[in-house]
Structures are given as C-alpha cells and as structure tokens.
Amino acid sequence: MTLRLTNSLTRRSAPFEPLQAGQVSMYCCGVTVYDLCHLGHARSYIAWDVLRRYLLWSGYQVTFVQNYTDIDDKILNRAAKEGSSMEVVSERNIDAFVADMAALNILPADRMPRATQSLDAIRDLIGELQAKGAAYGADGDVYFAVMKHAGYGKLSGRDLSEQQQNADGRVSGLEEARKQHPFDFALWKGAKPGEPSFPSPWGPGRPGWHIECSAMVRQELGDTIDLHLGGADLIFPHHENEIAQSEAATGKPLARWWLHNGMVNVGGEKMSKSLGNFTTIRALLESGTSAMTLRLFVLQAHYRKPLDFTQEALAAAATGWKGLNAALQLAAQLVTGAAGDGPDGPSNSLAEARLRFAAAMDDDLNTSAALAALFELAKPLRSLANRSERGDAQAASEAKALQAEARLLLELASVLGLKPEAESGPEGGATGPNAAEIAAQIAARQAAKAAKNYGEADRIRASLLDQGIELIDKPGGLTDWLRS
RNA sequence: GGCGGCAUGGCCAAGUGGUAAGGCAGAGGAUUGCAAAUCCUUUACCCCCAGUUCGAAUCUGGGUGCCGCCUCCA
C-alpha cells in the first residue's frame, strides 16, 4: 500500500514517492509573528504534524523545515503601536508559538529559520534573479517580473493574459506605477524613513514576503523538495510567487507536491484576523478545552475541507475525546502493568485494524476514517473497564488478552498525535475544598446513605456540586470525584 | 467577472459504481436508594432535475445553495 496525496499542482491525487528513497523533505510556510496563533493556524499545523508523524511511522526519514516571518509591515505596525521594537514583538510571539505548538503536541520542526537570519540567502537569490532578467529594480525596490516567467499561474490556475485591473484601488498608486505588470511583486522593499532596514545592493530595505520562503527552502533543503505545505489561502499569491522565484532561479521544480489545508470557518466564514472572528489557541485552551479535544475536533474532518468551528461541534469533540481518552488511559495501564503476559502475536482483528488505519491514512490522510478505526479499537477496552469495575471475574484474564490491542491503540493514536490526557483531577490546584474535606463529605454522605437518609445524602452531593465537585458512585459503595 | 472547492440522518463527518464508517445528541436497556458517570443495543434511500448503467450518494449534463482565492492571511 502506498500513500496517496492530493497535489494542488495537478489537482488530483497520486501515489507519493520521495525524490530520494526513504527520505522526505518537507517545508511548511510558518507564521508572521505579529500576534498569537488562532485556530486556523492550529488546524493547519495539526494536519501537517499528522502527515509528518505518519511518514515517520511509515519508516521514512523526514526533514521538516518551517519558517518564521519576523520582518513585515504588521510586525512594524504592532511595534509602533505598543512602543516597542520589531525584535520585541517577534521574540514574544515566537515564544508564544513554540508554547502553543507544544501544548497541542505538535512536534517541533527540525529547523525553524527566520527571515532576519536568512538575509544572505535572500539577497543572493534576488541578485541571481536580477542577473537572469527575471527581476528589475525601481527606486530602491526590486520586483519580480511575472511576464518574464513562463508558467506563472500554474498552481493557482491563473492566466496572466486574462488579468485585468483587479489590483485597482488595492495597491498604492506609487507602487503600482513602478510595476511593469499588476502581478509583479516585491522581492526587496526600500526602507521608508524610520523603518528598520538591512543593507543591500539596492539600498537599505527589507525582503518582500515571498522571497524568504524560496531562499530558505533552497538553503535548508535544496532546489527541489518533496512536500510543500500550507493553508489554501496561500495558494495565490504566496505559493505561486514562490514557485516563480525559485524556478526562475534554479530552472528546477521547487516542490514535487503541494498540499493545502482547508480553512477554519466561523458561521460559514473564514476565521481570520481581519474579520475579527478568531479564537486564539491559547484562549481556547485556557477556557477549558483540552489540547486533545482540539486535535480530535480537527482530525474528524478531512484536512482539505473547510471546518466549521462551533461550540456544539467542539462540545461533541470533547465528549468523544473523553471516551477515547478513557480507553487510552486504560490501555496505558494494561501495557505497563503485567507486561509480557498477554498473547503477543497480533490476532486477525488487530491486523485488520492496523490495515484499516493505514488504508485510511494512505487515502490522502483520511483521518476521519482512521479515527473510526481507533474508536473501534477502543470499544472492547472501554467495555472491559466497565466490567472490571463491576467485579466481573473474567475481566482480569481478558485484560491480558487485550494487551496487544491496547498497545496497538496507543501506537495508532500516537500517529495522530493523540495521547492519554490526565483529567483536571484532584491535584489540579483549583479552588474549592481540598481532598481531605471532600473525603470527609463523602464519608458523611455514605453514613447518611447507610441510614437511608437520602435527603441528607443528596444535599451533600448537591452542595459539593455547587463547589465544583462532581461525585461518581462506583459499584461496591465506592465514590470517586472530579473537579469540574 | 476569472480560478477552485463543497452539498450525506437532529448536529459533525467518512464513503466516489454494487444497496450508507465513526463521533455527538436522542431512544431503550444494564447499573443506581434516586441521580450522575460508565457499559450494551438502536436511529439515513445521500440538495433538485435529466441522462449513462443490470445497478449511482458515488459517472455525465443542467439547475439551486454555500464557501475559498483573485489585497495581508494557516
């Protein structure tokens, strides 16, 4: 079986095969670090994290590079607004990015170059383009000449001859006047007074947005890479321009595969900073949604389709995760418990589950179907937990039989970046009564129950619930509790 | 206007020629003093019309609706 991926370049899916057998190079356009990441970023990076994990699981050696755009108008604006500097804004948001990604269990990229630290490669590339006649200077700016590059528009399906004055009113007249074609874009922007700038053969200034990715890809991974990833909103102009720059310089294809994820929508509209309808990763996590719930929410839909963010859908994912998490926790117990006792040879059903999972993932990363395989695997585990709690005599022997299953569940879950998550349990540092006080209340309620004083027992239960403590009666007269 | 995508049960969402995965919610059951939690069971002819086919959610044509990109954007 082979992995099939939908290539935006051809708009169809085809078997994936890296340029060098067993080795995959992938690049993902990162964030402009002017603010916190929102759910749209989370979706994108979760999707590519799963791709990477799946490739690794499949035995590939993967080199993954993701950039930081740390010089840009938005960063400068933000710095001006808060009276700090470009560096301060960038540094802060890079730290936040790292923390957010870690919270979501997204594996860090192998290398994360920054635009401001890649200036030599950027200037070299611009110089090369100019030497080849693909770029021209104008008053301290340098532009890429799209008309000079055959094949411009091949990714986004645009035909230059059909392009009219779409840019009217959207670009400053000054910049427009300098361009030879409306689609020409800046490789180097001459510095305006007071702006931070870097020296260059064209005068002080800074790189345009698109050129950094071309330069970094080339520097870090070579002329042609296997996979280039990003959000669908980057197809035009960003990725189109990257292709043009890189291919004009090297004469080789920039990437063999272009993968694009669908947008996160809110009320049918794209979540974005400009619309103001965004939720930051951090805000969501702080509001009590767990990282794994978010992952499950994202992975339940196919990565290329739009994903509507609603409280209902999130709540559904949370409940779904609760069940899966319980199974994963039990699985972790089983595996570390009486290790080695269980029958090790995978039974037919296990082999089938593994196959089903792989087939789903091979089909353009059908995580929704892959998750179905996980839920099916989790089922007997959850059932076992229920029966053993009820003192089923057979449960103990079954636990051994389920060890291989438990191991497989954990393994496959980890391919999706899903891992057992501790409940926000007793030592959660929350406010309210402490464990000893709760234990005392539970004992009091037990006594009331024994005396058939159910009014009092219910009163204690309700009172604890008011304080955020939920009681869970177990068979055998035991009572667990959760801080909600 | 140009380019691209999507329409499956109450909700989310797989399935792309042989008679509908999974999750959530709902219903019934087990359990419980009653609940909650948990486990078990259960719930669809796939936007409309026409066509191709022995057979279509799945292919073709035509509608309708929604979304993305064309300006910074994951």
Side-chain angles (χ1 to χ4, degrees), chain A residues 8 11 28-32 34 37-48 69 72-74 153 155-159 162-164 166-171 182-183 209 229-238 240 260-265 268-275 278 296-297 299-302 304-308 310 312-324 326 356 360 363 366-376 378-379 382-387 389-390 392 448-450 452-455 457-458 461-462 465 470-475 480-482:
Chain A
S8 302
R11 303 213 176 84
C28 175
C29 291
V31 282
T32 301
Y34 74 103
C37 287
H38 59 64
L39 267 21
H41 302 102
R43 191 218 183 156
S44 185
Y45 300 144
I46 286 171
W48 309 137
T69 299
D72 169 271
D73 281 341
K74 287 182 188 160
L155 178 68
S156 58
R158 246 148 273 255
D159 184 345
E162 283 182 10
Q163 298 305 326
Q164 324 77 349
N166 282 328
D168 271 7
R170 290 169 171 173
V171 187
F183 275 11
W209 175 37
L229 320 166
D233 52 354
L234 295 185
I235 292 173
F236 189 91
H238 185 56
E240 194 69 72
H260 292 101
N261 64 276
M263 300 294 99
V264 172
N265 289 166
E269 266 187 330
K270 177 181 161 184
M271 176 180 287
S272 72
K273 283 279 162 61
S274 45
L275 286 171
F278 62 93
L296 185 65
F297 170 68
L299 295 175
Q300 268 180 324
H302 187 87
R304 299 181 62 239
K305 289 196 177 179
L307 174 61
D308 220 42
T310 62
E312 294 71 36
L314 198 63
T319 316
W321 170 245
K322 199 174 167 194
L324 194 54
R356 192 176 157 206
D363 181 16
N366 188 342
T367 51
S368 182
L371 277 170
L374 289 200
F375 275 102
E376 299 280 329
K379 213 171 200 181
R382 295 165 69 172
S383 174
L384 170 72
N386 183 260
R387 277 175 294 127
E389 193 166 78
R390 283 157 198 282
D392 185 324
K449 278 168 72 176
K452 296 207 189 300
N453 185 354
Y454 296 121
D458 290 351
R461 180 170 64 195
L465 190 60
E470 186 183 355
L471 296 189
I472 300 167
D473 288 341
K474 301 275 185 167
D480 278 354
W481 58 273
L482 276 179

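Just so it is clear: chains get the letters A, B, ... in the order the sequence lines come, proteins before strands, and each one is counted from 1.
- As rounded to whole Å, 15 Å separates atom P of G68(B) from atom CG of N261(A).
- Pairing for A30(B) is with U38(B), a Watson-Crick or G-U wobble pair whose two hydrogen-bonding atom distances lie under 3.5 Å.
- Across the strands present, A74(B) finds no partner; the criterion is a Watson-Crick or G-U wobble pair with both atom distances under 3.5 angstrom.
- D72(A) and T32(A) are not linked by any side-chain donor-acceptor pair at a separation below 3.5 angstrom, with hydrogens and angles left out of the test.
- Qualifying side-chain hydrogen bond (donor to acceptor under 3.5 Å, both in side chains) partners for H38(A), counting only residues two or more places apart in sequence or in other chains: none.
- Rounded to whole Å, atom P of A21(B) lies 17 Å from atom CZ of F375(A).
- Note: CD (E240(A)) to C1' (G2(B)) measures 14 Å, nearest angstrom.
- Residue pairs meeting the side-chain hydrogen bond (donor to acceptor under 3.5 Å, both in side chains) criterion with at least one member in residues 315-324 of chain A, sequence neighbours excluded: W321(A)-E421(A).
- Atom CG in L384(A) sits about 13 Å away from atom C1' in U38(B), given to the nearest Å.
- For U53(B) and C47(B), the C1' atoms lie 23 Å apart once the distance is rounded to whole Å.
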Treating primed atoms plus P, OP1 and OP2 as sugar-phosphate and everything else as base, which nucleotides of nucleotides 5-17 of chain B get B, S or - for protein heavy atoms under 4.0 Å? -SS-----SSS--
Steps toward side-chain hydrogen bond (donor to acceptor under 3.5 Å, both in side chains) verdict (S368(A), H302(A)): CA-CA 6 Å; S368(A) 182; H302(A) 187 87; over 6 Å; no
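- Across every strand in view, G51(B) sits in a pair with C59(B) that passes the Watson-Crick or G-U test at under 3.5 angstrom.
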All N/O pairs under 3.5 Å across the protein-nucleotides 42-47 of chain B interface:
none

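- Note on R382(A): a side-chain N or O is less than 4.0 Å away from OP1 or OP2 of C39(B).
- Each of Y45(A) and A326(A) has a nearest nucleotide on RNA chain B; the 5'-most of these lies closest to A326(A).
- Taking each heavy atom of S44(A) and N261(A) in turn, the nearest pair found is OG-OD1, 2.8 Å.
- Every residue two or more places apart in sequence or in another chain that forms a side-chain hydrogen bond (donor to acceptor under 3.5 Å, both in side chains) with D233(A) is listed here: K270(A).
- L307(A) has its side chain within reach of R43(A): a pair of non-hydrogen atoms, C-beta onward, lies under 4.5 Å apart.
- Atom P of nucleotide A37(B) and atom CG of L465(A) are separated by 11 Å, given to the nearest angstrom.
- Scanning for ring-ring contact (aromatic ring centres under 6.0 Å, His included) contacts around W48(A) gives Y303(A), with sequence neighbours left out.
- Shown here for A448(A) and A457(A), the closest heavy-atom pair between the two residues is CB-N, 3.9 Å.
- Considering only residues two or more places apart in sequence or on other chains, Y34(A) meets the ring-ring contact (aromatic ring centres under 6.0 Å, His included) condition with none of them.
- Looking at heavy-atom distances under 4.0 Å, E376(A) makes contact with sugar-phosphate atoms alone, never a base.
- When the C1' atom of G2(B) is taken as reference, atom CG of D159(A) falls 10 Å away, rounded to whole Å.
- Using a 4.0 Å heavy-atom cutoff across all strands shown, G323(A) reaches no nucleic acid atom at all.
- Under the Watson-Crick or G-U wobble criterion, with both distances below 3.5 Å, A21(B) has no partner in any strand shown.
- The gap from the C1' atom of A14(B) to that of A44(B) amounts to 14 Å, rounded to the nearest Å.
- In this structure, the side chains of L229(A) and C29(A) stay at 4.5 Å or more apart for every pair of heavy atoms.
- With sequence neighbours excluded, the residues forming a salt bridge (Lys or Arg N to Asp or Glu O under 4.0 Å) with K474(A) are E389(A), D480(A), listed by chain and number.
- In this structure R387(A) satisfies the side-chain hydrogen bond (donor to acceptor under 3.5 Å, both in side chains) test together with S383(A), E398(A), sequence neighbours excluded.
- Here the closest non-hydrogen pair linking A370(A) and A360(A) is N-CB, 3.6 Å.
- Of the residues in residues 229-238 of chain A, G230(A), G231(A), D233(A), L234(A), F236(A) come within less than 4.0 Å of RNA chain B through at least one heavy atom, sorted by number.
- Across all strands shown, C67(B) is found opposite G4(B) as a Watson-Crick or G-U wobble partner, with both distances under 3.5 Å.
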Nucleotide-resolved protein contact map, nucleotides 28-36 of chain B, B/S/- at heavy-atom distance under 4.0 Å: --BS-BBBB
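- Comparing S383(A) and S274(A) by the nucleotide of RNA chain B whose heavy atom lies nearest to each, the residue mapping closer to the 5' end is S383(A).
- Taking atom P on both nucleotides, U42(B) is separated from G51(B) by 39 Å, rounded to a whole Å.
- Between U8(B) and C48(B), the distance separating the two C1' atoms is 15 Å to the nearest Å.
- Within 4.0 Å of K74(A), counting heavy atoms only, lies at least one base atom of the nucleic acid.
- Taking atom P on both A57(B) and A50(B), the two are 15 Å apart, rounded to the nearest angstrom.
- For the C1' atoms, the distance from A13(B) to G17(B) is 22 Å, rounded to whole Å.
- A gap of 25 Å separates the C1' atoms of U19(B) and G61(B), to the nearest Å.
- Look at the C1' atom in both U16(B) and A7(B): the space between them is 14 Å, to the nearest Å.
- Across the protein-nucleic acid pair, D73(A) atom CG and U71(B) atom P stand 16 Å apart, rounded to whole Å.
- Checking N386(A) against R382(A) by side-chain atom types alone, no donor-acceptor pair falls below 3.5 Å.
- The salt bridge (Lys or Arg N to Asp or Glu O under 4.0 Å) test applied to R461(A) returns D458(A), not counting sequence neighbours.
- Separating the CZ atom of R387(A) from the P atom of U38(B) is a distance of 17 Å, rounded to the nearest angstrom.
- In this entry C46(B) has no Watson-Crick or G-U wobble partner, no candidate having both defining distances under 3.5 Å.
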